[in-house]
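The sequence lines fix the lettering, A, B, ..., with proteins before strands; numbering per chain opens at 1.
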Amino acid sequence: KAGVTQTPRYLIKTRGQQVTLSCSPISGHRSVSWYQQTPGQGLQFLFEYFSETQRNKGNFPGRFSGRQFSNSRSEMNVSTLELGDSALYLCASTRTALGLAGGSRYNEQFFGPGTRLTVL
Amino acid sequence: QKEVEQDPGPLSVPEGAIVSLNCTYSNSAFQYFMWYRQYSRKGPELLMYTYSSGNKEDGRFTAQVDKSSKYISLFIRDSQPSDSATYLCAMTTVTVQGAQKLVFGQGTRLTINP
């Protein structure tokens, strides 16, 4: 079974530009989450998409946005890049279910290798 | 103050030693507690997770959760050089719809010396 794939793996941009990163989840997984990893702040949650809808969001400015397509593939976009946006951007996919009777349970998030973004 | 605190290390121990990694947290709503391992240039991979307080063992790895103290631990027995990696604790609540938002510790860089 193929894992989570992210493209591109490496990217160099300059301040003020915008960037789009892509994530293809594991086949059958409908939820995709994005995280930013930096040496100073560690891994921080950006947002989660399920069935083309954003259903969870972290504390990032509006320059960070995302979307999910009907095939569950997801993209995230960062506009007006800043030096501090240099980071490893990780995508994770998971199986999930709606309306579980009697509560919910954790489903493992499988991470991709990440996209290393450098802003100059 | 961060929701999850983890000593970033680095931690260096000889092969065969018992390793103890720890995290503390402030949000009592967390339900699930995970340990991820991340090798250089790779994404994190799940080692194990526990629900609520208690112990869980998987081979050389044991995870402990003490919700009363808001403290979780990962023990690695008979450590091997291949265990050298960054270890991240993570926690989450899960909504009835299955939505989850992992909150990570800073990660501890561990080196096992042959």
Side-chain angles (χ1 to χ4, degrees), chain A residues 3-6 9-10 23 25-26 29-51 53-60 87-116, chain B residues 1-10 21 23-25 27 29-52 54 56 58 63 65 72 85-109:
Chain A
V4 177
T5 56
Q6 292 188 245
R9 291 292 311 277
Y10 302 91
C23 171
I26 293 172
H29 287 193
R30 297 171 62 193
S31 169
V32 173
S33 297
W34 288 89
Y35 296 83
Q36 181 197 64
Q37 187 173 30
T38 60
Q41 298 298 317
L43 259 160
Q44 296 185 90
F45 174 79
L46 280 157
F47 27 66
E48 183 209 5
Y49 285 87
F50 176 78
S51 289
T53 301
Q54 185 185 93
R55 65 176 182 178
N56 226 337
K57 190 176 187 302
N59 297 321
F60 278 81
L88 181 67
Y89 289 89
L90 291 157
C91 163
S93 78
T94 187
R95 284 195 311 268
T96 189
L98 286 174
L100 294 172
S104 57
R105 68 177 185 88
Y106 167 76
N107 286 296
E108 179 179 351
Q109 292 196 14
F110 293 84
F111 284 83
T115 294
R116 172 77 61 185
Chain B
Q1 186 188 0
K2 294 191 173 191
E3 272 189 293
V4 179
E5 299 277 0
Q6 181 179 8
D7 186 341
L21 304 169
C23 290
T24 59
Y25 63 95
N27 186 349
F30 287 136
Q31 302 164 295
Y32 291 89
F33 304 88
M34 283 73 71
W35 286 95
Y36 281 83
R37 177 174 62 193
Q38 186 175 23
Y39 291 112
S40 183
R41 304 184 190 283
K42 302 275 190 181
E45 58 175 337
L46 182 69
L47 276 175
M48 33 194 324
Y49 77 91
T50 54
Y51 175 68
S52 195
K56 187 174 184 179
D58 184 1
V65 174
I72 72 170
T86 296
Y87 288 79
L88 300 137
C89 64
M91 310 173 189
T92 188
T93 57
V94 182
T95 69
V96 68
Q97 291 84 11
Q100 53 189 272
K101 179 176 79 172
L102 298 184
V103 181
F104 284 87
Q106 189 73 4
T108 300
R109 180 171 289 184

For a 4.5 angstrom cut-off between non-hydrogen side-chain atoms, does A/Gln41 reach B/Lys2?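 Side-chain contact under 4.5 Å: yes.
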Should A/Gln6 and A/Trp34 count as side-chain neighbours, where that means a heavy-atom distance under 4.5 Å?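 A side-chain contact exists here, since the closest heavy-atom pair is under 4.5 Å.
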For chain A, the option from B/Leu88, B/Val103, B/Leu102 that forms the most heavy-atom pairs under 4.5 Å: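 Most pairs with chain A among the choices: B/Leu102.
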Among A/Gly58, A/Ala92, A/Gly40, residue most engaged with chain B (heavy-atom pairs, under 4.5 Å):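 Winner by heavy-atom pair count: A/Gly40.
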Pick one of side chain, backbone, both or neither for [X], based on which atoms fall under 4.5 Å of a heavy atom in chain B.
X	value
A/Tyr89	neither
A/Arg116	neither
A/Gln44	neither
A/Phe47	neither
A/Leu43	both

Name the region of [X], side chain, backbone, both or neither, that has any atom closer than 4.5 Å to a heavy atom of chain A.
X	answer
B/Lys42	backbone
B/Thr92	side chain
B/Tyr36	side chain
B/Gln6	neither

Nearest heavy atoms of [X] and [Y], plus distance in Å:
X	Y	result
A/Thr94	A/Glu108	OG1-O, 2.9 Å
A/Ser93	A/Val4	OG-CG2, 3.5 Å
B/Met34	B/Ile72	O-CD1, 4.5 Å

Is a side-chain N or O of [X] found less than 3.5 angstrom from the main chain of [Y], in a donor-acceptor match?
X	Y	value
A/Arg9	A/Gly114	yes
B/Gln106	A/Pro39	yes
B/Thr108	B/Asp7	yes

